[in-house]
Amino acid sequence: MNEKSESSESASHKNFIEVEIEKDMATKTELIGKHVATRFPPEPNGYLHIGHAKSICLNFGLAKTYGGTCNLRFDDTNPTKESEEYVNSIKTDVQWLGFQWDKLLYASDYFGQLYDWSVQLIREGHAFVCDLNAEQMREYRGTLTEPGKNSPYRDRSVEENLDLFTRMKQGEFPDGARTLRAKIDMSSPNLNLRDPVMVRIMHAHHHRTGDQWCIYPMYDWAHGQSDSIEGITHSICTLEFENHRPLYDWFCKTLKIHHPRQMEFARMNLSYTVMSKRKLLQLVTEKHVSGWDDPRMPTISGLRRRGYTPESLRLFCEKIGVARFSSLIDVIVLENSIREHLNPIAPRYMAVLDPIKIVLTNYPEGKEELLEAVNNPEDPNGGSRQIPFSRELFIERDDFMETPPSKFFRLKPGGEVRLRYGYIIKCNEVVKDSDGNITHLNCTYDEQTKSGSPTAIDRKVKGTIHWVNARQASHVEVRLYDRLFLSETPEDAPEGKTFLDNINPDSVRTVTAVVEHELAKQEPGARVQFERNGYFCVDVKDSQSNAPIFNRIVTLKDTWAKIANKA
RNA sequence: UGCCCCGUGGUGUAAUUGGCAACACAAGUGAUUUUGGUUCACUUAUUCUAGGUUCGAGUCCUAGCGGGGUAGCCA
C-alpha cells in the first residue's frame with residue numbers, strides 16, 4: 001500500500017478520503033477482494049476549470065494510489081444544457097492533464113435501466129406520479145422551518161401510477177405536466193427527502209439518445225444509480241451535495257442495489273479568480289475575455305493556452321490538499337507551481353520588452369563578436385549558444401534610472417553594471433531630445449571584464465542586466481498577462497456593483513519586444529524563460545510561422561519590486 | 001429561521017486516533033549567485049471562545065461565537 005509515497009510527491013500525508021477508503025477496503029465485507037473504483041462525473045454543459053482539475057486529480061489519483069480504476073462518466077441528464085462540443089473538450093482536457101480513464105461512460109446509457117427501476121419503485125409503493133406544477137410543488141414543499149404537505153396525488157394506486165408513467169414516457173403529456181416522485185417524507189428536515197422529483201417530462205433532443213426519450217431523470221435519480229451500475233466503491237463529490245447523501249443512500253437501499261459510499265470534499269476557491277460556470281460564461285459572452293481559452297481564464301483550456309503544463313497543475317492540486325473546510329487558495333500557489341516546474345527545464349533567452357538603446361562609445365564601430373551564453377544554469381546538460389555583441393544594444397528601460405533610490409543595483413549615470421555574458425559597462429551620458437525624452441545612453445565598456453576571461457574575476461558589480469544586440473534583434477509580439485481581477489475575492493463586490501467591476505483593466509498588455517534571433521524561431525507551445533522577466537509560452541492559436549506570439553505565463557519572483565514598493 | 005457540515009501560524013494542509021503541535025507556501029533576516037531568478041540557513045502559534053471529562057485534550061462532551069451548504073421539474 002505504499003504506492004502513494006512512490007509517486008512524485010514527497011512523503012505527503014493521507015487526506016481524510018484516503019484514510020476512509022483504506023478503512024473501508026480493510027473492514028467492509030462487501031468490498032473484500034474488490035479494488036477501489038472511482039469516477040469523474042462532469043455534466044457536459046461547459047468547459048472544465050481549475051476546480052475540476054482538483055476533482056480529476058483526486059479521483060484518478062485515488063485509483064492510481066490504490067491500484068483501482070477511474071471512469072470518465074458524463075452526467076448528461078439534462079439535454080437542454082448539454083452538447084457534444086462540451087463532451088469533446090472535457091475528454092481533451094482530462095487527457096491533457098495526464099489521465100486515462102478506465103471506461104468512458106454516459107448516464108444516458110442507463111436511461112433504460114433507470115426506467116425499469118422507476119417502475120420497480122412504483123410497484124413497491126415507493127414512487128408516484130404527481131400532477132402538481134412547479135409552482136404548486138414549491139408551495140407543498142414547505143420551507144426551511146416548516147414541514148411540507150403531502151401531494152394530493154401521493155396516494156394514487158400502483159395501477160394508476162404505472163399507467164400514467166407509461167404515458168409520460170410515450171409522450172402523451174406536455175413538459176412540466178407531471179413528474180415521477182419518490183415517496184419519502186414531506187416533513188423531513190432535509191428538503192431533499194421531501195418527495196423529490198425523480199423524472200421529469202422534457203420534449204428535448206438529446207445529443208446522444210436523440211428523440212428516443214421525452215422523460216429524463218433528475219441528478220439524484222441518475223447519479224447514484226450510475227455509480228452503482230459501474231461498481232463504484234467511493235463516489236466523491238463536492239460539499240454542496242452533502243445534503244443529498246441521505247437521498248443517495250435511500251435510493252440504493254430501497255432499490256437493494258450495490259451501494260457506493262458518497263464522500264464530499266470542499267471545492268476550490270482561488271484568490272483573484274471567479275470559478276462559477278455562470279460567471280465564466282458571462283466573461284465570455286460579454287467579451288471581457290476573448291473566449292473560453294483566453295489565457296486569463298481559469299479554465300483548463302485557458303491555463304493550457306497561457307502556458308501552464310499538466311505537471312504544474314497536478315503539482316498545484318497536490319499542494320492544496322483535500323479537506324472539508326471551504327478555504328481560499330492564494331493564486332500565488334498556482335503561479336509557484338508553474339515556476340517550480342519550468343525553472344529546471346525552460347531554456348533561457350534574452351528579450352527586452354521595453355527597449356532603450358545604449359551606445360558603447362569606446363567599442364569599435366562595425367566590430368561584432370560572439371559571446372557564449374548558458375542555455376539553462378539549472379541544467380548541466382543544457383549546453384550553450386553564441387550571441388552577437390556590438391556597439392549598439394538595447395537594454396530594459398526599467399534597468400536604467402536617472403535618479404535612482406538607494407539599493408538600485410542597475411544602470412545609473414556614472415554607475416556600472418554587467419551586461420549578462422558580456423562586459424561591465426559604465427553610463428557616461430544621458431542623451432535626450434528637445435522634449436527631454438531619453439533617446440539613448442552613451443556608455444563605455446571595459447574590455448578586461450569580458451565574461452569568462454581570467455581578468456573578469458578581478459572586478460565585481462552589484463547588478464547584471466540582460467540586453468539584445470541592436471542590429472540583429474528580432475521583433476516579436478509579447479502579451480503580458482496579469483491577473484484578471486483586482487480583488488482577492490471578485491465576487492464580493494460592494495452594493496450596486498458586480499464581480500465585473502473588479503476586473504483588472506490592465507490584465508493584458510501587448511508589446512513588441514526586441515529579442516534574440518533564436519526566440520523568433522520558437523514553435524507554438526514552446527515554453528522559455530526570458531531572463532529576469534518571466535516564463536513565456538508561444539501562443540498556439542495566434543502565432544504565425546516565423547512570427548511567434550509570446551504569452552507571459554508568469555513573471556519571475558521579483559524581490560526588487562518589493563523593495564521598490566516599500567520605498 | 002430549521003437541518004447538515006466546518007473552525008489548527010498570514011495561507012493551505014498534518015498530528016501514530018487521548019501523549020513533546022509538524023510540513024509546504026507566504027512574510028522577514030542573512031549567505032551564495034554574471035538572472036534582485038535558483039539554492040541554503042535562521043525567525044514567526046493563547047489549536048475560535050467558555051466550561052466539562054481525564055494523570056494528560058487540537059483530538060471526546062456541552063454551550064456560545066464565526067464561516068459554508070441547503071427551500072430547481074439544474075448538476
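Source: prediction; values computed, not measured.
A:Val322 comes within 4.0 angstrom of sugar-phosphate atoms only, judged by non-hydrogen atoms across all strands, and of no base. At the heavy-atom level, A:Glu43 lies under 4.0 Å from the strands shown only through sugar-phosphate atoms. A:Thr77 comes within 4.0 angstrom of sugar-phosphate atoms only, judged by non-hydrogen atoms across all strands, and of no base. Residue A:Val19 is classed as a base contact, given a heavy-atom separation below 4.0 Å to a base. Within 4.0 Å of A:Arg410, counting heavy atoms only, lies at least one base atom of the nucleic acid. Within the 4.0 angstrom heavy-atom criterion, base atoms lie near A:Ala134. Nucleic acid contact class of A:Asp220 (heavy atoms, under 4.0 Å, all strands): none. If you check every strand for non-hydrogen atoms under 4.0 Å, A:Gln529 touches a base. Across all strands, A:Leu132 comes closer than 4.0 Å to base atoms (heavy-atom distances). Residue contacts for A:Phe408: at a heavy-atom cut-off of 4.0 Å it reaches a base atom on one of the strands shown. Base engagement by A:Arg420 is indicated by at least one non-hydrogen atom pair under 4.0 Å involving a base atom. Among the heavy atoms of the strands lying under 4.0 Å from A:Ser327 are primed sugar atoms or P, OP1, OP2 only; no base atom is included. Within 4.0 Å of A:Met202, counting heavy atoms only, lie sugar-phosphate atoms of the nucleic acid but no base atom.
In this structure, A:Asn161 contributes its side chain and A:Val129 its backbone to a donor-acceptor pair below 3.5 Å. A donor-acceptor contact shorter than 3.5 Å links the side chain of A:Trp467 to the backbone of A:Arg420. Side chain of A:Asp76 to main chain of A:Ala107: a donor-acceptor pair is present (N/O by atom type, distance under 3.5 Å, no hydrogens or angles). Between the A:Lys462 side chain and the A:Lys407 main chain, no donor and acceptor come within less than 3.5 Å of each other. Remark: side-chain polar atoms of A:His49 are paired, donor with acceptor, to backbone N or O of A:Met275 under 3.5 angstrom. Here the side chain of A:Asn133 pairs no donor or acceptor atom with the backbone of A:Gly176 at under 3.5 angstrom.
With centres under 5.5 Å and a plane angle under 30°, the ring of A:Phe409 is stacked against the base of B:G36.
Heavy-atom distances under 4.0 Å link RNA chain B to A:Phe241, A:Glu242, A:Asn243, A:His244 of residues 241-252 of chain A, given in residue order. Contacts of residues 139-153 of chain A with RNA chain B (heavy atom under 4.0 Å): A:Arg141, A:Thr143, A:Leu144, A:Thr145. The stretch residues 555-564 of chain A comes close to RNA chain B through A:Leu556, A:Lys557, A:Asp558, A:Thr559, A:Trp560, A:Lys562, A:Ile563, each having a heavy atom under 4.0 Å from the strand.
To the nearest 0.5 Å, atoms OG (A:Ser89) and CD1 (A:Ile300) are separated by 10.0 Å. With values rounded to the nearest 0.5 angstrom, A:Asp227 atom CG is found 8.0 Å from A:Cys252 atom SG. Put simply, CZ on A:Arg138 and OG1 on A:Thr143 are 13.5 Å apart, with the number rounded to the nearest 0.5 Å. Summarising the geometry, atom CG belonging to A:Asn376 is positioned 9.0 Å from atom CD belonging to A:Glu531; distances are rounded to the nearest 0.5 Å.
Side-chain proximity of A:Tyr219 to B:A75, B:A71, B:G12: nearest is B:A75. Closest approach to the A:Thr464 side chain among B:G72, B:U35, B:C5 is made by B:U35 (side chain taken as heavy atoms from C-beta onward). Considering only the side chain of A:Pro377, B:U35 comes nearest among B:A14, B:C6, B:U35. In this structure, the nucleotide among B:U35, B:G36, B:G72 sitting nearest to the side chain of A:Arg348 is B:U35.
Of the candidates A:Asp24, A:Ile17, A:Leu62, A:Asn59, A:Asp24 is the only one forming a side-chain contact (heavy atoms from CB on, under 4.5 Å) with A:His234.
One cannot find a donor-acceptor pair under 3.5 Å joining the base of B:G37 and the side-chain atoms of A:Glu531.
Between A:Arg200 and the phosphate of B:C74, there is a side-chain N or O to OP1/OP2 separation shorter than 4.0 Å. Between A:Asn45 and B:A75, a side-chain N or O to OP1/OP2 separation shorter than 4.0 Å is absent.
Residue-environment remark: CD (A:Glu135) stays at or below the threshold of 12 foreign heavy atoms within 6.0 Å. A 6.0 Å sphere centred on CZ of A:Arg154 holds more than 12 heavy atoms belonging to other residues, nucleotides or ligands.
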Pairs: protein N or O with nucleotides 21-23 of chain B N or O, under 3.5 Å:
none

Find every protein N or O atom lying less than 3.5 Å from an N or O atom of nucleotides 58-63 of chain B, and list the pairs.
none

ask   = Pairs counted as Watson-Crick or G-U wobble with both distances under 3.5 Å: what dot-bracket string results for RNA chain B, using | for bases tied to another strand?
value = .((((((..((((.....[..)))).(((((.......)))))....(((((..]....))))))))))).....
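Residues A:Phe241 and A:Tyr248 keep their aromatic ring centres 6.0 Å or farther apart. The aromatic ring centres of A:Phe530 and A:Tyr349 sit 6.0 Å or more apart.
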